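Read the structure below first, then the notes.
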Amino acid sequence: MSETTTTHESSDKRLLIIDGHSMAFRAFYALPAENFATSTGQHTNAVHGFVSMLLTMLRQQKPTHVAVAFDLDTPTFRSTEYGEYKGGRNKTPEEFYGQIDLIQQVMKAMNIPCISLDGYEADDILATLSKQGEAAGFEVLVVSGDRDAFQLITDKTLVLYPKKGISDIPPMDAEAIEAKYLVRPERYSDLAALVGESADNLPGVPGVGPKTAAKWLNLYGDLDGVLENIDSIKGKVGDSLREHVESVKRNRRLNQLLGDLELPVTLDDTELGTPNREEIENLFDALEFNTLRKRLFDHFAAAEEETQVEVAEINEISVASVAELKEFLSAGKDQRITVHLAVVGGELVGLALFRELDGCWLELGALDEPRRAVLSEFLADENQPKVLHDSKAAMHLLHQHGLTLAGIADDTLISAYLIQPDRRSHELADLVQYHLGYALAKPPAPKAGELDLQLSGDLAEPTLRQAQAVHDLSAYLDTEMAQKHADALARDMELPLIPVLFDMEQAGVAVSRERLLELREHFTTLVERATAGAYAAIGHEVNLSSPKQLQVVLFEELQLPKTKKIKTGYTTDAESLQDLLISTEHPFLVALMEYRDASKLRQTVDGLLKFVTQDGRIHTTYAQTVAATGRLSSLNPNLQNIPIRSEQGRRIRDVFVVGEGYETLLTVDYSQIEMRIMAHLSGDEGLIEAYQNGEDLHRYVGSRVFDVAPEDVTSEMRSKVKAMSYGLAYGLSSFGLSKQLKISVDEARTLMKDYFDRFGAVRTYLRSVVEQARRDGYTETIFGRRRYLPELNSSDRNLRQIAERAALNAPIQGSAADLVKIAMLNVDRRLREGKFSSRMLLQVHDELVVEIAPGELDAVTELVTYEMEHAAQLRVPLDVQPGTGATWHDAAH
DNA sequence: AGCTTAGCGA
DNA sequence: ACGTCGCTAAGCTA
């Protein structure tokens with residue numbers, strides 16, 4: 001019997017349900033009627049807009065099933081109960097007549113079912129279909145301009161609610177509703193009943209707006225609760241509510257959508273097929289739709305070929321004059337504009353701007369001053385939302401040309417990462433292929449050494465194509481993010497962090513080149529000394545950096561005992577060398593280990609020297625979309641792995657110095673952040689109490705595990721429980737613990753049992769994390785960052801166990817990463833608000849390094865300490881330790 | 001160019 | 001087989 005494993009990455013069935021009248025009206029008002037009429041005088045703007053919008057959604061959302069619901073003119077149970085229902089609406093414009101019928105004809109030709117039901121409204125059909133879809137395992141998208149649809153929002157159902165026009169239709173999920181109306185979607189109808197809905201001619205309680213209604217609902221649970229407690233509501237609004245209670249009850253009856261209707265179609269009937277070509281041809285001939293005809297057939301031709309998705313034509317707009325450029329940019333006011341840079345050999349040469357189907361190309365070298373000024377203002381305008389792929393890199397490139405980038409509304413690199421944090425690459429072309437299903441052409445690469453003057457012209461088309469791809473990806477990934485509840489994380493954490501990281505990278509950290517050179521000499525001397533010693537010990541030369549050659553020396557020449565097996569023979573790693581030294585005391589091993597240590601440190605110093613720039617500083621790059629747990633990583637160079645543990649290694653930290661014009665360096669780091677998160681997540685009373693009482697955690701745990709008084713915990717006991725406590729967060733086994741502590745497996749097992757006997761909630765928590773992740777397909781941090789681990793259900797035991805350890809660790813490491821990011825955002829905000837000149841330079845997972853401007857030390861220390869301690873309210877206090885000094889080493893404590 | 005081994009950090 | 005997440009360098013093989 002075969003078993004299908006469910007993937008949680010994305011559902012393969014997606015149902016798109018459209019409120020036909022609602023969207024037809026949107027389209028009607030978005031396009032001028034006078035521009036869309038056939039030669040016989042039939043207006044077609046609503047039809048055109050509707051079909052265009054539908055095609056855009058098919059392209060962006062890729063539904064597998066589609067249906068359109070329409071109201072009928074006949075009375076509904078609502079108008080029967082309440083004669084004035086939807087009364088008072090303006091008369092339907094004359095130009096609208098006949099267009100609904102035409103839309104239905106197009107739908108029929110496209111083999112998309114139109115559903116109406118006598119006595120009910122389209123909204124009830126949406127409700128019924130979304131319920132059916134959810135039950136059948138679909139991801140459901142409801143397209144409606146009617147707020148009543150919000151009550152349908154669930155984990156699996158989103159509402160696409162048009163903001164304005166037909167191009168900006170953001171997905172609304174529970175978080176979005178809550179942010180806007182302060183109640184969960186399931187309470188939205190209660191709120192609407194109190195507030196009233198003018199579009200339906202349902203008057204609410206006078207004097208009661210969304211804020212008051214939300215306050216009541218959150219106080220009493222729901223509308224029934226409000227009505228039960230109606231007499232305890234004081235003041236004028238209370239009187240008003242009591243006076244209008246009957247209309248509230250009526251409103252609630254009327255705005256409840258019916259999800260259990262008998263429909264004339266089944267879900268299977270809504271499966272998206274191919275259009276009837278002949279019918280479409282005839283219909284579009286009559287409607288005089290030609291560009292739309294091509295778009296429609298291109299779309300379905302591509303869908304049919306599967307691998308070959310046709311991409312919409314780009315309407316390239318000339319921006320040769322200031323007026324044209326202004327026009328392009330202002331036509332998109334309040335609308336997101338995608339910006340994509342063309343880079344040749346690391347140099348910015350031009351950029352493409354794109355919105356919907358319109359795009360323009362600007363070559364930087366050919367830009368006159370007036371247009372440059374317009375572009376510069378556009379890019380820097382915080383209130384002009386922009387969409388990019390890798391906006392931090394773009395900020396650096398633009399900065400080199402004196403341009404500032406702000407107003408980043410979306411970054412597809414971030415979106416793709418939040419949806420699939422385990423993916424190693426999020427390159428644009430890969431994402432387009434994976435999510436949108438077509439191959440994005442690469443811009444022509446320049447021939448080595450020659451800068452072709454024609455090249456810039458050749459770049460316009462591919463760069464516009466890339467901009468279009470970013471635009472389409474953004475729409476698709478935004479929906480995916482909403483579905484996976486990553487939208488708030490993007491909006492409130494990752495996107496705001498981009499400019500903060502940019503500033504840190506731009507600032508860099510000052511280093512003493514002199515000390516680096518001294519250290520290089522020093523470590524070189526040590527390397528040479530160790531090398532000579534090693535050669536002397538064996539009587540000949542050998543490449544001490546070659547594990548392969550070392551294996552020959554150790555295991556053949558010297559006949560030392562074999563170490564742990566690896567692919568290429570036997571390992572020569574530090575731990576094994578140490579073991580060999582203990583058992584054989586061979587002098588070669590001493591020299592080899594000294595060589596390893598010294599050459600590693602020299603290599604670190606050499607690496608740093610390569611990255612010192614003209615300003616005497618090192619500018620690392622933070623990768624925001626690499627670590628699957630949500631951490632940042634640092635590269636070119638990596639400043640998150642500068643040695644600290646060994647005495648010799650620590651000396652490297654002295655080369656990182658306070659910059660000219662600044663007073664000192666401040667470092668602030670979290671104390672035991674991951675253990676505190678473990679205490680919070682597990683809710684273990686013992687751990688929580690220990691932290692709340694400010695005890696030495698490892699001593700406290702040691703006293704419980706070994707059943708002795710805290711003062712009798714020996715340093716050996718303490719280090720054992722410390723290793724165990726940390727190991728637990730990584731999925732440590734008793735075997736691993738025994739190896740680490742060099743004790744027997746039995747002893748390790750007993751140790752763990754004693755630990756869990758005293759801190760049972762930790763075991764319960766760790767088990768529940770894996771269980772939950774196996775069930776849902778993902779783990780989640782305190783702040784809702786998910787990591788998808790499909791291999792928890794793998795039949796390969798090895799893969800499964802790796803995934804289990806990742807599942808144990810991800811919420812802990814990830815929550816810590818979230819906390820630090822929140823702290824960084826708040827520190828950055830307050831440094832700017834307070835007009836401080838001090839600036840954040842480095843983040844090392846649980847530590848922030850700040851360069852302090854003269855006179856600001858006390859205030860900034862206080863500020864950073866406060867924001868790190870208050871990044872979130874956990875069940876245990878967050879403790880941080882500040883330190884200051886002229887070098888990174890001196891600032892550490 | 002890509003893999004393997006090694007070692008540094010949280 | 002046996003603890004998570006990263007980055008870089010060197011040797012070696014292709």
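Everything numeric here is computed off the predicted structure, so don't read it as measured data.
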Check every strand shown and say whether [X] touches a base, only sugar-phosphate, or nothing at a heavy-atom separation below 4.0 Å.
| X | answer |
| --- | --- |
| A:Ala810 | nothing |
| A:Ser634 | sugar-phosphate |
| A:Asp606 | nothing |
| A:Gly727 | base |
| A:Ser599 | nothing |
| A:Ile642 | sugar-phosphate |
| A:Ser734 | nothing |
| A:Ala574 | sugar-phosphate |
| A:Lys600 | base |
| A:Asn798 | nothing |
| A:Arg805 | sugar-phosphate |
| A:Leu808 | nothing |
| A:Lys548 | sugar-phosphate |

> Would you call the rings of A:Phe588 and A:His586 parallel, tilted or perpendicular, where under 30° means parallel and over 60° means perpendicular?
Replying inline: perpendicular
>> Would you call the rings of A:Phe656 and A:Trp888 parallel, tilted or perpendicular, taking 30° and 60° as the class edges?
In response: perpendicular
> Want to settle it: does A:Ala627 or A:Ser733 sit nearer the 5' end of DNA chain C, counting the closest nucleotide to each?
Replying inline: A:Ser733
> So which one's nearest nucleotide on DNA chain C is more toward 5', A:Leu737 or A:Pro547?
Replying inline: A:Leu737
Closest to the [X] side chain: [options]?
| X | options | answer |
| --- | --- | --- |
| A:Val844 | C:dG11, C:dC2, B:dA10 | B:dA10 |
| A:Ile644 | B:dA10, C:dT8, B:dT4 | B:dA10 |
| A:Ala806 | C:dC5, B:dA10, C:dG6 | C:dC5 |
| A:Asp597 | B:dT4, B:dG7, B:dC8 | B:dC8 |
| A:Asn636 | C:dT8, C:dG6, B:dG7 | C:dT8 |
| A:His845 | B:dC8, B:dA10, C:dC5 | B:dA10 |
| A:Arg653 | C:dT8, C:dC7, B:dG9 | B:dG9 |

>> Distance criterion of 3.5 Å, no angle test: do you see the side chain of A:Asn638 paired donor-to-acceptor with the base of C:dC7?
In response: no
>> Counting distance alone, no hydrogens or angles: does the base of C:dG11 have a donor or acceptor under 3.5 Å from a partner atom on the side chain of A:Gln549?
In response: no
Presence of [X] side-chain N/O under 4.0 Å of [N] phosphate oxygens OP1/OP2:
| X | N | value |
| --- | --- | --- |
| A:Ser545 | B:dA6 | no |
| A:Arg631 | B:dG9 | no |
| A:Arg787 | C:dC5 | yes |
| A:Arg797 | C:dA1 | no |
| A:Thr604 | C:dT8 | no |
| A:Arg645 | B:dC8 | no |
| A:Thr568 | B:dT4 | no |

Which whole-number value in Å describes the distance from [X] [atom1] to [N] [atom2]?
| X | N | atom1 | atom2 | value |
| --- | --- | --- | --- | --- |
| A:Ile677 | C:dT4 | CD1 | C1' | 14 Å |
| A:Glu804 | C:dG3 | CD | P | 13 Å |
| A:Glu847 | C:dC5 | CD | P | 23 Å |
| A:Leu592 | B:dT5 | CG | P | 17 Å |
| A:Asn641 | B:dA10 | CG | C1' | 10 Å |
| A:Asn809 | B:dA10 | CG | C1' | 11 Å |
| A:Tyr730 | C:dG6 | OH | P | 13 Å |

> When you compare B:dC3 with C:dG3, how far apart are their P atoms, in angstrom units rounded to a whole number?
Replying inline: 25 Å
>> Distance check, P atoms only: C:dC2 and B:dA6, in whole angstrom units.
In response: 14 Å
> Between A:Tyr726 and A:Tyr730, is the ring centre distance below 6.0 Å?
Replying inline: no
> Are the aromatic ring centres of A:His396 and A:Phe502 under 6.0 angstrom apart?
Replying inline: yes
> So with a 6.0 Å cut-off around CD of A:Gln881, is the heavy-atom count from everything else above 12?
Replying inline: yes
> So what's C:dA14 paired with, Watson-Crick or G-U wobble, going by both distances under 3.5 Å?
Replying inline: none
In plain terms, say whether [X] and [Y] are close enough for a salt bridge, that is, a side-chain N and a carboxylate O under 4.0 Å apart.
| X | Y | answer |
| --- | --- | --- |
| A:Glu505 | A:Lys392 | yes |
| A:Asp818 | A:Arg785 | yes |
| A:Glu518 | A:Arg515 | no |

